[in-house]
Amino acid sequence: MLYRSTRGEAEGRTFEEAVLGGLAPDGGLYIPHAVPQLDAATLAAWRSLPFAALATEIFSLYVPATEISKEELAGLAERSFSTFRHADVTPVHTLSEADKLRVLELFHGPTFAFKDVALQFLGNLFEFFLVRRNSKKAPGEPRERVTVVGATSGDTGSAAIYGLRGKKDVSVFILHPRGRVSPVQEQQMTTVLDKNVHNVAVEGTFDDCQDIVKALFADEAFRKRYSLGAVNSINWARILAQTVYYFYAYFRSTDANDTPLTFSVPTGNFGDILAGYFARRMGLPLRLICATNQNDILDRFFRTGEYKKAADGVAQTWAPAMDICVSSNFERLAWYLAREAAVEVPADMADPEAFRDREASAVVAAWWISLRDYGGFRVDERVLAQAQACFLSAMVSDDETIATIREWYQRTSEAGAPYVLDPHTAVGVKAVAKLRAERQDCNELAICLSTAHPAKFDEAVRSALDGHTVSTFDFDAIRPAEIRALAGKERRCEAVPQADVQLVKEVVQRGLAAEGVTV
Ligand SMILES: *Cc1c(COP(=O)(O)O)cnc(C)c1O
């Protein structure tokens with residue numbers, strides 16, 4: 001299995017190149033040359049596998065044994081998912097049997113957010129590649145290393161830090177806007193004291209932090225000298241890791257491998273739901289609901305075929321991890337849609353499949369030029385029909401999000417098992433209800449991906465439940481011991497008094513020197 005760019009100018013790349021490279025050289029995203037197709041016997045054999053063993057099987061279809069042996073993949077999977085607190089890693093919880101509604105809890109990892117599933121794996125992969133490269137070096141030869149630099153408005157930073165802490169030959173610098181991430185998120189990041197972890201609190205906004213990171217990567221000399229690396233949500237290994245829980249939840253929730261199932265996914269950068277799309281292409285009979293908040297570029301696309309940036313920029317909502325202007329991973333779906341709707345292949349074409357691949361890349365490249373230059377593009381009816389064959393979508397407002405947290409707390413309390421949805425999960429739950437009200441064909445079992453523990457989003461949860469109709473609610477009772485313990489822990493964080501690239505460069509240089517790294 002090799003990888004190509006969605007924009008067509010890179011192909012035949014190895015898994016290692018795709019993972020360490022992140023973005024393809026032509027600005028596109030890496031996708032596999034072909035999506036593995038599962039036969040009935042394979043699916044049947046997978047049904048009873050524990051999570052890490054299932055992950056190993058899936059990974060081995062996308063990573064040739066010549067690159068990473070199956071035993072090594074098994075070791076990586078075992079280590080990556082053993083940090084989860086639940087024996088099932090990602091358990092399914094029934095919200096209401098009568099409503100055919102379940103939640104897939106993705107928040108049992110170290111930082112109580114779904115991003116742990118992917119970043120625990122990615123951290124181990126980075127280390128694996130570096131250890132292997134360095135083991136081939138002669139004594140005295142300089143070691144290869146990676147300096148991961150990223151900006152966060154909250155969840156990505158903490159999951160990245162927990163994925164990379166203590167990893168050999170990897171340093172990580174995470175910039176956050178000082179005082180503008182939630183207290184829990186700030187505590188999670190800054191209480192990690194491993195030598196290779198550096199938190200940088202920038203006086204400014206999240207956009208300032210992102211601009212600084214972009215400037216560091218754009219500085220060729222700096223990027224090369226410090227071997228900068230990224231762990232963005234566009235990294236192929238993150239998508240791959242996320243496919244596992246679609247299979248796992250499907251097997252836990254059905255009796256046969258041809259039972260249709262709907263997954264509702266609270267969506268921002270389209271990484272989580274894209275993994276479901278790959279699971280479907282591999283052979284699971286899934287339908288996907290793209291659930292957005294008020295930042296609804298994707299909902300508008302799936303309804304109209306127009307992908308267009310909102311005129312008024314990003315809105316702040318109760319589900320901040322989904323506050324996006326454009327969705328970075330959407331480009332991968334666009335490639336598959338363009339390929340399927342590709343025009344007739346000329347009869348004399350020697351390799352029609354390769355022709356379709358090239359067509360898809362050309363179409364995607366043009367769409368993304370239009371997005372850059374005109375703020376959007378519109379796809380034709382065949383492409384939209386392809387999208388709608390697999391995806392439904394709904395937009396959920398802030399008021400609906402809060403009402404949904406309250407509604408389900410009340411209903412589950414009455415049933416004797418109070419359950420608190422986090423605001424992102426509530427968007428996914430409400431999207432199912434809205435679509436069922438709107439259409440006749442949505443009554444099969446729906447599984448909503450629960451992307452964060454409610455204790456991480458105290459403001460939203462408290463405004464839904466404190467002092468309202470539910471008098472018994474006690475926020476402290478839902479706070480896990482691990483989160484409570486953070487407040488008393490020692491912290492380490494470097495403050496940068498203004499959003500200035502030079503100042504951050506100096507922090508990186510000092511931080512690496514403090515680790516004893518010479519470059
Ligand atoms: C990142 C995140 C999302 C959105 O996931 P995408 O892959 O960006 O679509 C949803 N909920 C939470 C809690 C997140 O951290």
Side-chain angles (χ1 to χ4, degrees), residues 29 90 103-120 122 150-163 176 181-182 184-185 188-189 206 231-243 245-246 263-279 288-299 301-302 314 317-333 391 393 395-396 401 405 420-431 448-461 483:
L29 309 189
T90 61
V103 285
L104 169 56
E105 296 182 344
L106 302 176
F107 54 71
H108 294 281
T111 74
F112 295 83
F114 101 94
K115 292 187 171 67
D116 286 327
V117 178
L119 283 162
Q120 288 290 301
L122 187 58
T152 188
S153 59
D155 272 356
T156 308
S158 34
I161 285 171
Y162 274 80
H176 70 265
V181 297
S182 85
V184 172
Q185 289 169 331
Q188 280 182 326
M189 292 192 283
F206 170 58
V231 294
N232 302 341
S233 77
I234 53 101
N235 196 294
W236 168 251
R238 288 183 62 172
I239 308 297
L240 179 57
Q242 289 163 187
T243 59
Y245 48 71
Y246 284 93
F263 282 90
S264 179
V265 190
T267 296
N269 270 322
F270 209 75
D272 198 0
I273 195 168
L274 182 77
Y277 180 73
F278 274 93
L288 296 159
I289 295 176
C290 177
T292 77
N293 61 24
Q294 194 188 318
N295 298 290
D296 64 349
I297 181 169
L298 289 165
D299 178 48
F301 171 77
F302 286 115
V314 182
T317 73
W318 281 125
M322 296 154 61
D323 291 347
I324 48 89
C325 177
V326 292
S327 286
S328 46
N329 270 296
F330 179 67
E331 182 169 341
R332 286 188 168 110
L333 173 68
F391 291 90
S393 76
M395 188 279 279
V396 175
T401 303
I405 297 174
V420 181
L421 299 170
D422 110 286
H424 305 81
T425 310
V427 169
V429 169
K430 182 64 182 178
C448 305
L449 273 59
S450 178
T451 49
H453 191 288
K456 291 195 82 170
F457 295 94
D458 54 332
E459 256 193 282
V461 168
I483 287 184

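First listed ligand is number 1; within each ligand, the first listed atom is number 1. Positions are given from 1 along the sequence.
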Which atom pairs, nitrogen or oxygen on both sides, join ligand 1 and the protein at under 3.5 angstrom?
residue	atom	partner	partner atom	Å
ligand 1	7 (O)	Gly271	N	3.1
ligand 1	7 (O)	Asp272	N	2.9
ligand 1	8 (O)	Asn269	N	2.7
ligand 1	9 (O)	Gly268	N	2.8
ligand 1	9 (O)	Asn269	N	3.2
ligand 1	9 (O)	Phe270	N	3.0
ligand 1	11 (N)	Thr451	OG1	2.8
ligand 1	15 (O)	Lys115	NZ	2.5
ligand 1	15 (O)	Asp155	OD2	3.3

Open item on the list: Using only atom types and a distance under 3.5 Å, with no angle test, would you say the side chain of Lys456 pairs donor to acceptor with the backbone of Thr111?
Closed with: yes
Open item on the list: Using modelled atom types and a 3.5 Å cut-off, is there a donor and acceptor pairing between side-chain atoms of Thr267 and backbone atoms of Phe270?
Closed with: no
Task: Whether over 12 other heavy atoms sit under 6.0 Å from Gln185 CD - done: yes
Open item on the list: Does the plane of the ring in Phe112 sit parallel, tilted or perpendicular to the ring in His453? Use 30° and 60° as the thresholds.
Closed with: perpendicular
- [ ] Compare all side-chain heavy atoms of Leu119 with those of Arg238 and state whether any distance is below 4.5 angstrom.
- [x] yes
TODO: Using modelled atom types only, decide if a donor and an acceptor are shared between the side chain of Arg332 and the backbone of Leu29 within a distance under 3.5 Å.
DONE: no
